[in-house]
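Chain identifiers are assigned alphabetically (A, B, ...) following the order of the sequence lines, protein sequences preceding nucleic acid strands; residue numbering begins at 1 within each chain.
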Amino acid sequence: MKKRLSRKFYKRPTLKVAKELLGKYLVRQMGKKKLEGKIIETEAYIGPQDRASHAFGGKITKRNKSKYLEGGHIYIFLCYGIHWQLNITTEKVGKPECVLIRALEPPNQGAKLKRVASGPGKLCRWMKLSHSFNEEDLTKSQRIWLEDRGVKILPAQIIKTKRIGIEYAGAWKEKPWRFYVRGNPLVSRK
DNA sequence: GTACAGATTGAG
DNA sequence: TCAATCTGTACT
């Protein structure tokens, strides 16, 4: 079973989408080549009240404006001047909420664990994602989209932790808004 | 205009 | 432990 996720899937509460994205497949079509991987780690950013979000306080900049798009679009930005971070918008237009995709599990190739997408920056480098994907519509794009392949992640398999790399965010850094699949060796930060 | 820090990573 | 090096923000 392969079914592209619809607009409806994304236009729901961000935390719900972040959890349900676990087990879904991210597919990247590059000409005749196709890269794909199962999502195993996500984080939710829920502005404008979330201090860790780029949309904190409701501000809009050239960089973050795609965060305000209708659910199902891409918000991608450069971090530390080097690494791209892939986010998927949620909720309706004007709500600056999104889910950061932090790690993928690539298809088994010779039973070797491939840590090619075990972190948000590595994931984008592997799939060759950058600025040109900003504002891409995941329900229509021919080069990147998400699929439901019938993989079910049970609530008992989902681990919740604090988000990573946001020490400056005060009380917000304590929010258990990072989700990953229990026991998966390919999540970020070995 | 200058200065500084950040949703990270891999090398030392 | 540190440097890579782009963008936004808070200053002068």
Side-chain angles (χ1 to χ4, degrees), chain A residues 10 13-22 24 26 28 35 37-69 71-91 95-106 112-136 138 144 146 158-181 184-190:
Chain A
Y10 302 107
T14 305
L15 289 175
K16 205 175 174 66
V17 176
K19 274 182 272 192
E20 290 189 18
L21 277 174
L22 295 176
K24 298 295 186 289
L26 179 62
R28 167 85 166 98
L35 285 176
K38 187 169 70 178
I39 298 173
I40 54 169
E41 183 179 351
T42 63
E43 273 181 15
Y45 285 83
I46 307 179
Q49 68 274 27
D50 180 0
R51 205 155 136 48
S53 167
H54 290 154
F56 176 62
K59 69 182 174 199
I60 301 179
T61 65
K62 198 174 168 189
R63 178 175 72 164
N64 80 3
K65 70 178 169 47
S66 55
K67 212 174 170 50
Y68 290 81
L69 293 172
H73 288 81
I74 287 179
Y75 164 46
I76 191 166
F77 67 93
L78 195 58
C79 188
Y80 299 108
I82 307 175
H83 302 291
W84 291 95
Q85 314 271 300
L86 177 68
N87 294 255
I88 296 173
T89 65
T90 58
E91 288 281 6
K95 274 205 164 192
E97 306 194 359
C98 65
V99 176
L100 169 68
I101 308 298
R102 291 189 56 90
L104 300 178
E105 178 187 285
K112 240 197 264 165
L113 291 179
K114 299 208 305 181
R115 299 186 62 86
V116 291
S118 300
K122 295 169 75 175
L123 186 162
C124 289
R125 191 178 57 187
W126 182 55
M127 286 205 162
K128 296 191 168 40
L129 302 176
S130 63
H131 194 64
S132 74
F133 283 83
N134 205 28
E135 306 194 7
E136 190 91 352
L138 290 165
I144 188 166
L146 285 131
I158 298 176
I159 306 285
K160 285 183 246 189
T161 73
K162 293 189 281 189
R163 290 174 291 176
I164 289 177
I166 52 163
E167 292 310 305
Y168 59 90
W172 294 95
K173 77 171 195 284
E174 305 296 334
K175 296 281 179 191
W177 288 350
R178 170 173 176 246
F179 306 99
Y180 65 90
V181 179
N184 194 301
L186 296 176
V187 295
S188 65
R189 297 217 162 173
K190 33 196 184 297

Report yes or no: do A:Ser188 and A:Glu41 form a side-chain donor-acceptor pair below 3.5 Å?
-> yes
A:Lys65 and A:Glu135: salt bridge (Lys or Arg N to Asp or Glu O under 4.0 Å), yes or no, with the steps?
-> CA-CA 9 Å; A:Lys65 70 178 169 47; A:Glu135 306 194 7; 3.0 Å; yes
Of all heavy-atom pairs linking A:Leu100 and A:Pro120, the shortest is CD1-CB, 4.2 Å
To the nearest Å, how far apart are A:Gln85 CD and C:dG8 P?
-> 15 Å
Check the distance between B:dG6's P and A:Asn64's CG and give it to me in whole angstrom.
-> 18 Å
Pairs: protein N or O with nucleotides 4-7 of chain C N or O, under 3.5 Å:
from: C:dT5; atom 1: O2; to: A:Tyr80; atom 2: O; distance (Å): 3.2

A:Tyr75 OH to C:dG8 C1': how many Å, rounded?
-> 11 Å
Separation of the C1' atoms in B:dG10 and C:dT7, to the nearest angstrom | 23 Å
Check the distance between B:dT8's C1' and A:Ile76's CD1 and give it to me in whole angstrom.
-> 14 Å
Could you state the CG-P distance from A:Leu123 to B:dG10, rounded to the nearest angstrom?
-> 12 Å
Say you draw a straight line from CD of A:Glu20 to CD1 of A:Ile39; how long is it, rounded to the nearest 0.5 Å?
-> 12.0 Å
When pairs are called at under 3.5 Å and a stem needs at least three consecutive Watson-Crick or G-U pairs, the stems of DNA chain C are B:1-6 with C:6-11, B:8-11 with C:1-4
Has A:Arg125 got a side-chain N or O lying under 4.0 Å from the OP1 or OP2 atom of B:dG10?
-> yes
Has A:Arg102 got a side-chain N or O lying under 4.0 Å from the OP1 or OP2 atom of B:dT8?
-> yes
Backbone N or O of A:Ile76 within a donor-acceptor pair of the A:Asn134 side chain at under 3.5 Å?
-> yes
Contact class for A:Lys67 (heavy atom, under 4.0 Å): base, sugar-phosphate, or nothing?
-> base
Only one of A:Lys67, A:Arg163, A:Lys173 passes salt bridge (Lys or Arg N to Asp or Glu O under 4.0 Å) with A:Asp50, and that residue is A:Arg163
Can you tell if the side chain of A:His54 reaches within under 4.5 Å of the side chain of A:Tyr45, non-hydrogen atoms only?
-> no
Nearest-angstrom distance from the residue atom CH2 of A:Trp172 to P of B:dG6 | 19 Å
Side chains of A:Ile74 and A:Leu69: does their closest heavy-atom pair fall under 4.5 Å?
-> no
Specify the separation, in whole Å, of atom CG of A:Asp50 and atom P of B:dG6.
-> 16 Å
Spacing between A:Tyr45 atom OH and B:dG6 atom C1', to the nearest angstrom | 11 Å
CG/A:Leu138 to OG1/A:Thr89 distance, rounded to the nearest 0.5 angstrom?
-> 7.5 Å
